[in-house]
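Inspection log for the structure reproduced underneath, given as structure tokens.
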Amino acid sequence: NAGVMQNPRHLVRRRGQEARLRCSPMKGHSHVYWYRQLPEEGLKFMVYLQKENIIDESGMPKERFSAEFPKEGPSILRIQQVVRGDSAAYFCASSPTANTEAFFGQGTRLTVV
Amino acid sequence: AQSVTQPDIHITVSEGASLELRCNYSYGATPYLFWYVQSPGQGLQLLLKYFSGDTLVQGIKGFEAEFKRSQSSFNLRKPSVHWSDAAEYFCAALNDMRFGAGTRLTVKP
């Protein structure tokens, strides 16, 4: 059973471009969480999704950021018109239900130049 | 507000010494609590978890944590630290999957 897969591992975007980060949860997991980690900082919750539904997006910036977890395929975190301040590591975690521990991917390191 | 707090940003211990990392929670009901470890450039690995029952929880890599309701704490301990334990440690609550700010552990030779 493969773990949580995130790709790409590293992503470089120029200011103003779009960044798409993908997260394939573990098999049988229908709950996905996204976090952002800035250099030398902790994990900041962004959004919690269950298949086809956004459960909690209280940590998402109001503009430019969106997330989805379709019925088929990976969860996508999309950042439009990236700025330098978006440079960070973005981690995805998944769990089989709402009340169990989450397993993390290796993260996508986004660099905006 | 519900939250998890890790009071210590950075801790340095000598190899072989004991370790205790603090975690305090602020939730109305007893939260489900976790400790994760993050090695440099890596994702997070679950060390241990507390849902209910025995308040002393054993985890991987020789770590344990004790849930103390009276102190609203879930501190992580290890009797003898190894150089490979140098990493960032995060406490988290399942209720909302929020994490503490993390504690960076440095191990001196």
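Labels below follow one simple rule: chain letters A, B, ... track the order of the sequence lines, proteins then strands, and each chain is numbered from 1.
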Contact origin within B:Leu46 toward chain A - heavy atom pairs under 4.5 Å:
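For B:Leu46, the contact with chain A is made by the side chain alone.
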Check whether B:Gln38 gets within reach of chain A through its side chain, its backbone, both or neither, counting any heavy atom under 4.5 Å.
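Side chain only.
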Is there a continuous path of hydrophobic side-chain contacts, each under 4.5 Å between heavy atoms, that joins A:Trp34 to A:Ile76?
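In one cluster: no.
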Please say yes or no: joined through hydrophobic side-chain contacts below 4.5 Å, possibly via intermediate residues, are A:Met60 and A:Phe91 part of one cluster?
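In one cluster: no.
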Shortest non-hydrogen pair, A:Thr100 vs B:Phe34, comes out as C-CZ, 4.4 Å
All heavy atoms of A:Gln37 vs all of B:Phe90, minimum pair found to be NE2-CZ, 3.6 Å
N/O donor-acceptor pair under 3.5 Å between A:Arg109 side chain and B:Gly41 backbone:
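Judged by distance alone, yes, a pair lies under 3.5 Å.
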Nearest 0.5 Å, what's the [atom1]-[atom2] distance between [X] and [Y]?
X	Y	atom1	atom2	answer
B:Arg98	A:Tyr48	CZ	OH	11.5 Å
B:Glu88	A:Leu43	CD	CG	8.5 Å
A:Tyr35	B:Leu44	OH	CG	9.0 Å

If you count the non-hydrogen atoms of other residues, nucleotides and ligands that lie under 6.0 Å from [atom1] in [X], is the total more than 12?
X	atom1	answer
A:Gln81	CD	no
B:Ile9	CD1	no
B:Arg77	CZ	yes
A:Glu63	CD	no
B:Lys108	NZ	no

Starting from the C-alpha separation in whole Å, work towards a yes-or-no answer on side chain to side chain contact (heavy atoms under 4.5 Å, CB included) for B:Tyr36 and A:Glu101.
CA-CA 10 Å; B:Tyr36 285 85; A:Glu101 68 268 29; 4.1 Å; yes
With a 4.5 angstrom heavy-atom cut-off, is it the side chain or the backbone of A:Gln6 that approaches chain B, or both, or neither?
neither
